[in-house]
Amino acid sequence: KLKQASLMSFFSKS
Amino acid sequence: MLEGKFDEASLLKKVIDAMKDSVKLCNFNCTENGISVQAIDDSRVLLISLLIEAGSFEDYRCDRNIVLGLEMESLNKIIKNGNASDMLTLVAEDSPDALNLIFEDKRRDRIAEYSLKLMDIDQDFLKIEDMKFDAVVNMPSAEFAKICRDMKTLSESLQIIITKDSVKFNSEGDFGSGSVVIKSFTDLEKTEESVRITLEKPINLTFGAKYLNDIIKSTPLASQVTIKLCDKQPALFEYQLPSGYLRFYLAPKFED
């Protein structure tokens with residue numbers, strides 16, 4: 001089963 | 001004060017059309033260099049990065065940095081009222097509560113003026129470092145759009161597999177499966193038809209078909225799309241503007 005990743009796990013808030 | 005005149009409204013029409021289904025509220029940051037936007041969709045899977053450089057305008061001036069908080073659907077309603085071939089001027093005061101849009105037809109016998117109320121939008125700004133990519137594909141944007149549409153009829157996910165000189169788009173659905181393979185190809189007469197693959201490491205990534213089908217709404221903006229991929233990283237889809245770009249960062253799907 002595939003799970004959609006979130007962009008928040010790759011990019012940090014500035 | 002901001003005053004930016006497009007020779008044709010069509011550029012902004014296409015840009016807003018490409019963004020409006022993915023993001024509802026956007027801060028348009030206006031500086032002396034041009035207008036930029038960073039916006040993330042509600043599910044935090046797709047990030048849009050827009051840069052319309054001053055060079056995309058026929059005339060452009062922005063004395064002080066201005067943030068225009070815009071509701072995309074409202075902006076789209078107004079933008080649609082102008083003709084694609086009209087000249088379009090965006091005007092805003094230094095501390096504006098509205099954005100004025102002026103459409104003039106080329107014969108200058110018809111001027112339509114609209115005012116759009118601005119909103120105070122509190123949005124996260126994500127830091128996107130210089131990303132490293134293992135594979136870069138340049139291909140006709142219309143071809144990419146057709147593949148995304150076709151593959152979505154089969155499955156909610158689209159797998160992109162890149163080996164030395166080919167890109168395979170693969171879709172495994174409940175009632176069947178399908179794939180399209182694109183190979184490197186140089187068309188010397190029509191360079192916009194070419195496919196170029198630059199590969200450092202083979203790629204096998206899966207993305208949500210729904211998001212890809214939002215991204216391809218940018219197709220009218222550019223004849224080519226650039227797809228940059230790296231293992232276990234968000235992909236970058238880029239459409240070049242005459243001076244600037246519209247980029248989409250899309251988070252992949254993983255095995256749970």
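Values reported hereafter were calculated over all heavy atoms of this structure, with side chains retained and with hydrogens, waters and symmetry mates removed. Nothing here was measured: the structure is a model prediction, and the numbers come from that model. The sequence lines fix the lettering, A, B, ..., with proteins before strands; numbering per chain opens at 1.
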Results of ring pair (Phe, Tyr, Trp, His ring centres under 6.0 Å) for Tyr249(B) - residues two or more places apart only: Phe11(A)

Chain A contact residues among residues 123-151 of chain B, heavy-atom distance under 4.5 Å: Asp124(B), Phe125(B), Leu126(B), Lys127(B), Ile128(B), Met131(B)

Side-chain ion pair, Lys217(B) and Asp21(B), N-O less than 4.0 Å: yes

Interchain contact, Gln233(B) with chain A, by part (heavy-atom threshold 4.5 Å): both

Sequence neighbours left out, what pairs pass salt bridge (Lys or Arg N to Asp or Glu O under 4.0 Å) with at least one residue falling in residues 243-252 of chain B? Glu238(B)-Arg247(B)

Residues Tyr239(B) and Thr226(B): side-chain donor-acceptor under 3.5 angstrom: no

For residues Ile160(B) and Phe169(B), determine if any side-chain heavy atom of one lies less than 4.5 Å from a side-chain heavy atom of the other. yes

Which atoms of Phe207(B) approach chain A - backbone, side chain, both or neither, heavy atom under 4.5 Å: neither

Taking only residues two or more places apart in sequence or in another chain, which ones pass side-chain contact (heavy atoms from CB on, under 4.5 Å) with Ser22(B)? Leu46(B), Ile48(B), Asp214(B)

Looking just at side-chain N and O atoms, do Glu53(B) and Asn33(B) make a donor-acceptor pair shorter than 3.5 Å? no

